[in-house]
Amino acid sequence: MEPLYGPIRDYAWGSRSAIAMLQGRPVPSTGPEAELWLGAHPGAPARVERAGLRVSLCDLVRDEPGQWLGQRVTDRFGTRLPFLLKVLAADAPLSLQAHPDAEQARVGFAAEAGRPAGERNYSDPHHKPELLVALTPFEALCGFRDPVESAEALAAFGVPALGPVVDALRAGPAGLRTAVRTLLGWPVAQRDGLLRAALASAADGPDADLARRLATVYPGDPGVLVALLLHHLRLVPGEAIWMPAGNLHAYLSGCGVEIMAASDNVLRGGLTPKRVDVDELLRVLRFEVLDDPVRAAQPIAPGVDCWPVPVDDFALHRVRVGGAVPEVTVALPGPRVVLCAAGSVTVDDGAGALTLASGQAAIGTASGEPLRVGGDGEAYVATSGLR
């Protein structure tokens, strides 16, 4: 195993404490720290030391795919690391967003060839399913809830202009598309007045409280009302949310470990000053109720558990050692990215052992032996989902 040095993205919604605390640095940090990236994404690649220099993992994977990826991963995904591991730390709500499936991404990327970057929805031809595991209490919006519940939430505002949206939602899932299109298509000149009227007349309650919070950050944004169509989730550490293609979601607050297919394709649906392509978002969204967005960890061996997902781009395992379980061996195929999330762990893939403190990461090549993890701490192991 080798040390892996990941960049920290300073998006404005990021925390000034979570990632710094994870890595044992002074709090507060000098600026927002939103995401720690541990992968070979060209936008912010992690780095590995070579001859005293830190070299981009993108370059190593491209130049030595047999060593870093192995034949199976290369045959399936080409000469790119198919997953990206992150630590995400939100102090303010992120945008409502959804991601395309593989076919939608392929078609959309080809159709937008030649457009200026600022007018494109697709930056690559890949899908972007995501899994987030809470490290701290974590709040999120994820997937459409029962439309009848959403209808009652909007009806409670007592704003006649919302009547068509309420009627559409009372028709069940068949009305979700109409409801989203109507809310996002509201004339810009009328949005602020509509939201002010809704929030002024709303009685205290979870939906009204959420709308007020979001409107404080994104005044006049129709995503404030679209958010009330979604499940409002509060995760405890160790719980996860799975976000397949076409699932509208937003992170609101908290810190978690996130793994995703390595793509930048995002279709925004509000709670953002950025461009919202309503027509393309409606093409990508799945207008169906997501019954149970929360996933509990599934134990697979003493000290080891996972959150199974139906894709082969990635898999995520958590390893906890110490006390009654001083060491575990996990037969996970490389390449492997390991993040220490608490305490201290020693990881050994047969090519060399490395001790990691909290917030540090390591990478092992495709040719490694079963991974041995010892020490007294907690680690997350990211691999491809190929088995």
Side-chain angles (χ1 to χ4, degrees), residues 9-15 31-35 37 43-44 86 88-100 104-105 108 112 115-124 128 130 132 138-144 150 165 176-177 179-196 198-199 210-233 241 243 245-254 256 258 260 263-286:
R9 311 307 299 270
D10 60 352
Y11 308 133
W13 48 262
S15 169
E33 297 181 337
E35 296 179 345
W37 284 28
K86 296 181 180 181
L88 182 144
D91 262 4
L94 283 67
S95 64
L96 285 168
Q97 56 189 259
H99 310 296
Q104 290 167 337
E112 292 181 346
R115 289 190 192 176
E119 299 177 9
R120 301 189 66 162
N121 295 302
Y122 299 93
S123 60
D124 56 68
K128 193 174 182 278
E130 301 171 338
L132 181 136
F138 197 95
E139 188 180 7
L141 304 169
C142 184
F144 290 114
S150 301
V165 178
L176 281 170
R177 178 185 292 271
V180 173
R181 177 182 286 280
T182 302
L183 290 172
L184 292 181
W186 221 278
V188 174
Q190 300 176 20
R191 289 176 181 175
D192 190 59
L194 173 69
L195 282 172
R196 286 179 183 273
L199 297 177
L210 174 62
R212 290 191 180 100
R213 283 174 53 201
L214 296 176
T216 298
V217 183
Y218 299 104
D221 192 311
V224 170
L225 297 179
V226 175
L228 302 185
L229 310 187
L230 307 180
H231 292 285
H232 185 191
L233 307 174
I241 45 177
M243 288 149 290
N247 171 47
L248 192 62
H249 61 277
Y251 299 141
L252 303 182
S253 66
E258 186 181 37
M260 63 188 66
S263 169
D264 264 345
N265 289 326
V266 176
L267 282 302
R268 293 180 176 84
L271 305 183
T272 179
K274 296 181 180 180
R275 174 173 170 268
V276 175
D277 186 332
V278 176
D279 289 338
E280 189 63 17
L281 176 70
L282 294 174
R283 190 180 77 85
V284 164
L285 284 180
R286 293 180 178 175

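Treat the numbers as computed from the prediction; the structure is a model and nothing was measured. Residue numbers count from 1 along this sequence. Because only heavy atoms are used, hydrogens play no part in the values below, and waters and symmetry mates are left out as well, while side chains stay in.
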Please examine the side chains of [Y] and [X], heavy atoms only from C-beta on, and report whether any two atoms are closer than 4.5 Å.
| X | Y | result |
| --- | --- | --- |
| Met260 | Lys86 | yes |
| Val165 | Leu225 | no |
| Leu195 | Trp186 | no |
| Leu184 | Leu282 | no |
| Leu233 | Leu141 | no |
| Asn247 | His99 | no |
| Leu229 | Leu248 | no |
| His232 | Glu139 | yes |

What distance do [X] atom [atom1] and [Y] atom [atom2] have between them, rounded to the nearest 0.5 Å?
| X | Y | atom1 | atom2 | value |
| --- | --- | --- | --- | --- |
| Leu88 | Arg9 | CG | CZ | 12.5 Å |
| Phe144 | His231 | CZ | NE2 | 10.0 Å |
| Leu96 | His249 | CG | NE2 | 9.0 Å |
| Ile241 | Phe138 | CD1 | CZ | 6.0 Å |
| Lys128 | Met243 | NZ | CE | 9.0 Å |
| Arg213 | Leu252 | CZ | CG | 6.0 Å |

Could you pull out all residues at least two apart from [X] that satisfy side chain to side chain donor-acceptor pair (under 3.5 Å)?
| X | answer |
| --- | --- |
| Asn265 | Asp124, Ser263 |
| Trp13 | none |
| Arg196 | Asp192 |
| Glu258 | Tyr251 |

Minimum heavy-atom distance [X]-[Y], with the two atoms named:
| X | Y | result |
| --- | --- | --- |
| Pro93 | Leu214 | CG-CD2, 3.8 Å |
| Ala215 | Leu199 | CB-CD1, 3.5 Å |
| Val224 | Ala211 | CG1-O, 3.4 Å |
| Ser95 | Ala250 | O-CB, 3.6 Å |
| Gly14 | Pro32 | O-CB, 3.6 Å |

| side chain to side chain contact (heavy atoms under 4.5 Å, CB included) with Leu267: which residues, sequence neighbours excluded? | Pro100, Asn121, Tyr122, Glu280, Leu281, Val284

| task | Take Val266 and Arg268, measure what side-chain contact (heavy atoms from CB on, under 4.5 Å) needs, and give me the verdict at the end. | result | CA-CA 6 Å; Val266 176; Arg268 293 180 176 84; 4.0 Å; yes

| Can Arg181 and Asp279 be said to form a salt bridge (charged side-chain N to carboxylate O under 4.0 Å, His left out), step by step? | CA-CA 8 Å; Arg181 177 182 286 280; Asp279 289 338; 3.4 Å; yes

| request: Could you tell me which residues satisfy ring pair (Phe, Tyr, Trp, His ring centres under 6.0 Å) with Trp37, sequence neighbours excluded, listed by chain and number? | output: His41

| message | Would the distance check show the side chain of Ser150 and the main-chain N or O of Leu228 forming a donor-acceptor pair, the cut-off being under 3.5 Å? | response | yes

